[in-house]
Student: 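Please read through the structure below; I'll follow up with questions.
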Amino acid sequence: MKRKGVFLLTLALLVLLTGCWNRRELNDLAIVMGTGIDKIDGEYVISAQIVNPGGVASKEGGGMIQSSVATYSMRASSIFEGIRKMTTVTPRRLYFSHIQVLVLGEQIAKEGAKEVLDLLFRDHEVRPDFYVILAKDATALQILSMIDPLEKIPATKLYKSLETAESAWGSIVSIQLDEFIADLLRDGIEPVLVGVNPKGKVQMGTSGSNSQKESQSSLLRYHEIGVFKGDKLRGWFNEEESIGFSYITDRVDSTVEEIPCDKNNKIVIEIIRNKTTVNGKVEKGKPQVEVSISAEGNVGEVACSNDLSDPKTIYKLEADVEKQIKGKIVSAIHKAQKQYRSDVFGFGQSIYKNDPKGWEKVKEDWDSQFPNLKVKIKTDVKIRRTGKVGNSFIPFMKKE
């Protein structure tokens, strides 16, 4: 009996204590921080930006200067093949668990991104919480290769800059892979992705000297939002329409609104708080949506003689900001309805949540219902503070 017990204990230990069967040493891995995928002449071009820990440390310690990253690329007929073939040029096996950004070429987005996203979503090594962005007016490889003077790793620059810009400027949205795929799968909403494009000459931006000049020849800039229908890019919102999109989808943390106050000057209002609610329903067989914006702002800049101590001036400013926000929203909705026919605002989802029975009546025909959807917009803006100096000193300056 005792021998049988020892045998069973030994068998259990053999099963449970097998160790890490797929263990790999850190020195054998190439840690990928950013990935780019383009489609050129019918072939995929896969790019992988690999961090060089020795390069990062050498600059901080003042030792021998090495490159902080290495960006490899490979052409192949499929993405999976390209990733495997890349090991023929990289010194280590690629490790994708720490990806921060995936840059998609515009051509791939136009043809359909589902194969690319399926591969990355399926791979057990890849976490789906990285940002997906679109390369505009450049290839994904060029975007990944652009060097910034303040950030040693270009993929990290793209990641940090995206989060910073989204919190400060309304036209920028950060979309992670799982969020994009969720919008692909849900009824009544279509996905979007933010675009990034080079400002200046791409060739100069990929040169190491770009990080050493006082004024950089080329920098990356997040600019506009790409509108999808399914997994295909239909087109772009311009900057004003992108801000309108962010207001509708309650993504505005902070932004600014410029209000003309005379022929040549303007007052700048900093939006410091915003809340948007969207309520949809179906009445008499017709879907309708109401978008309500409630925003608060401060006076940030004044270049004219308006008397900010007069309540009437503040009331007029609030009305002007409300009108301006409404204009951006109307422009975004009009382009989405009439040009792209894509419900990127999730109006269908709003109807589903507020009126499920009504949604059942219109969901099968939503693609033809959306372009004619009636959208009511309500805006309410309150200006809280005018700054520590009140009226501007500029109108009282001595004449030259």
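Note that the structure is a prediction, hence the values are computed from the model and not measured. Nothing fancy with the numbering, it's 1 onward along the sequence.
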Student: Where is the tightest heavy-atom contact between Arg234 and Tyr340, given as atom of each residue plus distance?
Tutor: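 Arg234 and Tyr340 have their closest heavy atoms at NH1-O, 2.7 Å.
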Student: For Val89 and Met74: C-alpha separation, side-chain torsions, deciding distance, then whether side-chain contact (heavy atoms from CB on, under 4.5 Å) applies.
Tutor: CA-CA 9 Å; Val89 295; Met74 180 62 65; 4.1 Å; yes
Student: Can you hop from Ile79 to Ile50 via hydrophobic side chains spaced under 4.5 Å?
Tutor: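 Yes: a chain of side-chain contacts under 4.5 Å links Ile79 to Ile50.
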Student: In terms of heavy-atom contacts, does NZ of Lys229 have more than 12 from other residues, nucleotides or ligands at under 6.0 Å?
Tutor: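 Counting other residues, nucleotides and ligands, NZ of Lys229 exceeds 12 neighbours.
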Student: Taking the side chain as everything from C-beta on, heavy atoms only, tell me whether Val381 gets closer than 4.5 Å to Glu322.
Tutor: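 A side-chain contact under 4.5 Å exists here.
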Student: Hey, does Phe345 have a side-chain heavy atom less than 4.5 Å from the side chain of Val289?
Tutor: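 No. Closest side-chain heavy atoms not under 4.5 Å.
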Student: Spell out, as yes or no, whether a donor-acceptor pair under 3.5 Å connects the side chain of Thr313 to the backbone of Ser309.
Tutor: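 Not a single qualifying donor-acceptor pair exists.
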Student: Apply side-chain contact (heavy atoms from CB on, under 4.5 Å) to residues Asp231 and Leu117 and explain how you reach the verdict.
Tutor: CA-CA 10 Å; Asp231 69 324; Leu117 303 181; 5.9 Å; no
Student: So, the side chain of Ser254 versus the backbone of Ile271: is there a donor-acceptor pair under 3.5 Å, distance only?
Tutor: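 Yes, Ser254 side chain to Ile271 backbone: donor-acceptor pair under 3.5 Å.
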Student: If the threshold is 4.0 Å, N to carboxylate O, is there a salt bridge linking Glu360 and Lys363?
Tutor: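 Judged by the 4.0 Å cut-off on N to carboxylate O distance, Glu360 and Lys363 do form a salt bridge.
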Student: Is the shortest heavy-atom distance from the side chain of Val256 to the side chain of Trp169 under 4.5 Å?
Tutor: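 They are in contact (side-chain heavy atoms under 4.5 Å apart), so the answer is yes.
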Student: In the single-linkage hydrophobic clustering (I, L, V, M, F, W, Y; side-chain heavy atoms under 4.5 Å), do Leu150 and Ile153 co-cluster?
Tutor: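 Unlinked, Leu150 and Ile153 end up in two clusters.
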Student: Aromatic rings Phe228 and Phe180: how do their planes relate, parallel, tilted or perpendicular, breaks at 30° and 60°?
Tutor: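 Because their plane-to-plane angle is over 60°, the rings of Phe228 and Phe180 count as perpendicular.
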Student: With side chains defined as the heavy atoms from C-beta onward, is the minimum distance between Leu308 and Leu317 less than 4.5 Å?
Tutor: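 Answer yes - side chains close enough.
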Student: To check you understand the geometry: which heavy-atom pair defines the closest contact between Thr90 and Arg92, and what is its length?
Tutor: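 That would be OG1-O, 3.0 Å.
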Student: Less than 4.0 angstrom from a charged side-chain N to a carboxylate O is my criterion; do Lys335 and Glu224 meet it?
Tutor: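 Result for this pair is no, no salt bridge flagged.
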Student: Rounded at 0.5 Å granularity, tell me how far NZ in Lys39 sits from CG in Leu104.
Tutor: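 Those atoms lie 12.5 Å apart.
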Student: For the residue pair Gly230 and Pro191, what are the closest heavy atoms and their distance?
Tutor: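 In terms of heavy atoms, the two residues are closest at O-CG, 3.5 Å.
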Student: For a side-chain contact (heavy atoms from CB on, under 4.5 Å) check, start with the C-alpha distance between Lys110 and Leu233, then their side-chain angles and the critical distance, and finish with the verdict.
Tutor: CA-CA 5 Å; Lys110 287 179 179 176; Leu233 178 68; 4.3 Å; yes
Student: How long is the gap from OG1 on Thr71 to CD on Gln49, to the nearest 0.5 Å?
Tutor: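 One gets 4.0 Å once the value is rounded to the nearest 0.5 Å.
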Student: So among Lys275, Arg384, Arg385, Lys382, which one has a salt bridge (Lys or Arg N to Asp or Glu O under 4.0 Å) with Glu296?
Tutor: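 Option passing the salt bridge (Lys or Arg N to Asp or Glu O under 4.0 Å) with Glu296: Arg384.
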Student: Search all heavy atoms of Ser171 against all heavy atoms of His223 and return the closest pair with its distance.
Tutor: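 That closest heavy-atom pairing would be OG-O, 3.5 Å.
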Student: In terms of hydrophobic clustering (I, L, V, M, F, W, Y; side-chain heavy atoms under 4.5 Å; direct or indirect links), are Val45 and Val69 co-clustered?
Tutor: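 As far as the 4.5 Å side-chain criterion goes, Val69 and Val45 are not connected within one cluster.
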Student: When you look at Glu166 and Ser174, which way does the side-chain hydrogen bond (donor to acceptor under 3.5 Å, both in side chains) test go after all the steps?
Tutor: CA-CA 7 Å; Glu166 185 182 34; Ser174 59; 2.7 Å; yes
Student: Between Glu301 (side chain) and Ile267 (backbone), is there a donor-acceptor pair under 3.5 Å?
Tutor: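 Looks like no, no N/O pair under 3.5 Å.
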Student: Restricting to non-hydrogen atoms, name the atom on Pro371 and the atom on Asp367 that form the minimum distance, rounded to 0.1 Å.
Tutor: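 For Pro371 and Asp367, the tightest heavy-atom pair comes out as CD-O, 3.1 Å.
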Student: Using a 3.5 Å distance criterion without hydrogens, assess whether the side chain of Gln324 forms a donor-acceptor pair with backbone atoms of Glu258.
Tutor: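 It does hold such a pair.
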Student: Are Val268 and Val252 connected, step by step, through hydrophobic side chains (Ile, Leu, Val, Met, Phe, Trp, Tyr) whose heavy atoms are closer than 4.5 Å?
Tutor: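 Yes, one cluster joins them.
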Student: For residues Asp187 and Trp366, is any side-chain donor paired with an opposing acceptor at under 3.5 Å?
Tutor: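 Side-chain D/A pair, Asp187 to Trp366: absent.
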Student: In this structure, are over 12 heavy atoms from other groups packed under 6.0 Å from Lys312 atom NZ?
Tutor: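 Not more than 12 within 6.0 Å, no.
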Student: For residues Ile377 and Ile333, determine if any side-chain heavy atom of one lies less than 4.5 Å from a side-chain heavy atom of the other.
Tutor: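 Of all side-chain heavy-atom pairs linking Ile333 with Ile377, at least one is under 4.5 Å.
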Student: Do Glu257 and Lys328 meet the salt-bridge criterion of a basic N to acidic O distance under 4.0 Å?
Tutor: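 Salt bridge present between Lys328 and Glu257.
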Student: To the nearest 0.5 Å, tell me how far Ile46 CD1 sits from Leu119 CG.
Tutor: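 Here the interatomic distance stands at 9.0 Å.
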Student: Does Glu163 use its side chain to pair, donor to acceptor, with the backbone of Lys160 at less than 3.5 Å?
Tutor: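 No; judged by distance alone, with no hydrogens or angles, the pair does not exist.
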Student: For Ser294, does its backbone N or O pair with a side-chain atom of Asp380 as donor and acceptor, under 3.5 Å?
Tutor: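 A pair under 3.5 Å: no.
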Student: Any carboxylate oxygen within less than 4.0 angstrom of a Lys/Arg side-chain nitrogen, looking at Arg122 and Asp118?
Tutor: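 Judged by the 4.0 Å cut-off on N to carboxylate O distance, Arg122 and Asp118 do form a salt bridge.
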Student: Examine distances only and state if a side-chain atom of Ser161 and a backbone atom of Leu158 form a donor-acceptor pair shorter than 3.5 Å.
Tutor: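 Not a single qualifying donor-acceptor pair exists.
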Student: Nearest 0.5 Å please: distance from the CG atom of Asp250 over to the CD1 atom of Ile293.
Tutor: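 Nearest 0.5 Å value for the CG-CD1 distance: 8.0 Å.
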Student: Which pairs pass disulfide bond (SG atoms under 2.5 Å apart) with one or both residues in residues 248-290, sequence neighbours excluded?
Tutor: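 Matches after skipping sequence neighbours: Cys261-Cys304.
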Student: Return the orientation label for the Trp359 and Tyr352 ring planes: parallel under 30°, perpendicular over 60°, tilted otherwise.
Tutor: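 Trp359 vs Tyr352 ring planes: perpendicular.
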Student: Got a donor-acceptor contact below 3.5 angstrom from the Asp183 side chain to the Ile189 backbone?
Tutor: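 Not a single qualifying donor-acceptor pair exists.
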Student: May I ask you to check whether over 12 heavy atoms, not counting those of Arg84, lie within 6.0 Å of atom CZ?
Tutor: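 Open: at most 12 neighbouring heavy atoms sit under 6.0 Å from CZ of Arg84.
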Student: Checking salt bridge (Lys or Arg N to Asp or Glu O under 4.0 Å) for the pair Glu283/Lys374: CA distance, chi angles, key distance, verdict?
Tutor: CA-CA 11 Å; Glu283 278 194 359; Lys374 183 180 178 182; over 6 Å; no
Student: Does one hydrophobic cluster hold both Val330 and Ile248, with members joined at side-chain heavy-atom distances below 4.5 Å?
Tutor: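 Linked within one cluster.
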Student: Check the angle between the aromatic planes of Tyr159 and Tyr131 and answer parallel, tilted or perpendicular using the 30° and 60° thresholds.
Tutor: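 Taking Tyr131 first and then Tyr159, their aromatic rings sit tilted (interplane angle of 30° to 60°).
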Student: Nearest 0.5 Å please: distance from the CG atom of Leu102 over to the CG atom of Leu144.
Tutor: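 It is 9.0 Å, given to the nearest 0.5 Å.
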Student: Would you compute the distance between atom CG of Asp343 and atom CD1 of Ile351 and round it to the nearest 0.5 angstrom?
Tutor: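 Nearest 0.5 Å value for the CG-CD1 distance: 8.0 Å.
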Student: For the pair Asn279 (side chain) and Glu290 (backbone), establish whether a donor and an acceptor sit closer than 3.5 Å, ignoring hydrogens and angles.
Tutor: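 No: the side chain of Asn279 does not pair with the backbone of Glu290.
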Student: Check whether any side-chain heavy atom of Ile40 lies under 4.5 Å from a side-chain heavy atom of Gln107, and answer yes or no.
Tutor: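 The answer is no, as the side chains (C-beta and beyond) never meet within the 4.5 Å cut-off.
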Student: For the pair Trp236 and Lys136, evaluate side-chain contact (heavy atoms from CB on, under 4.5 Å) and give the outcome as yes or no after the intermediate values.
Tutor: CA-CA 10 Å; Trp236 298 87; Lys136 191 170 187 288; 3.5 Å; yes
Student: Where is the tightest heavy-atom contact between Ala140 and Gly36, given as atom of each residue plus distance?
Tutor: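 That closest heavy-atom pairing would be CB-CA, 3.8 Å.
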Student: Within the 4.5 Å heavy-atom criterion, are Val344 and Glu190 side-chain neighbours or not?
Tutor: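 Yes, close enough: below the 4.5 Å cut-off.
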Student: Just jot down the salt bridge (Lys or Arg N to Asp or Glu O under 4.0 Å) partners of Lys286, sequence neighbours excluded, or say none.
Tutor: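 For Lys286 there are no salt bridge (Lys or Arg N to Asp or Glu O under 4.0 Å) partners, ignoring immediate neighbours.
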Student: Any donor-acceptor pair under 3.5 Å linking the side chain of Glu318 with the backbone of Ile383?
Tutor: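 Yes.
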Student: How about Ser68 and Val51: do any of their side-chain heavy atoms sit closer than 4.5 Å?
Tutor: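 Result no, sub-4.5 Å side-chain heavy-atom pair not found.
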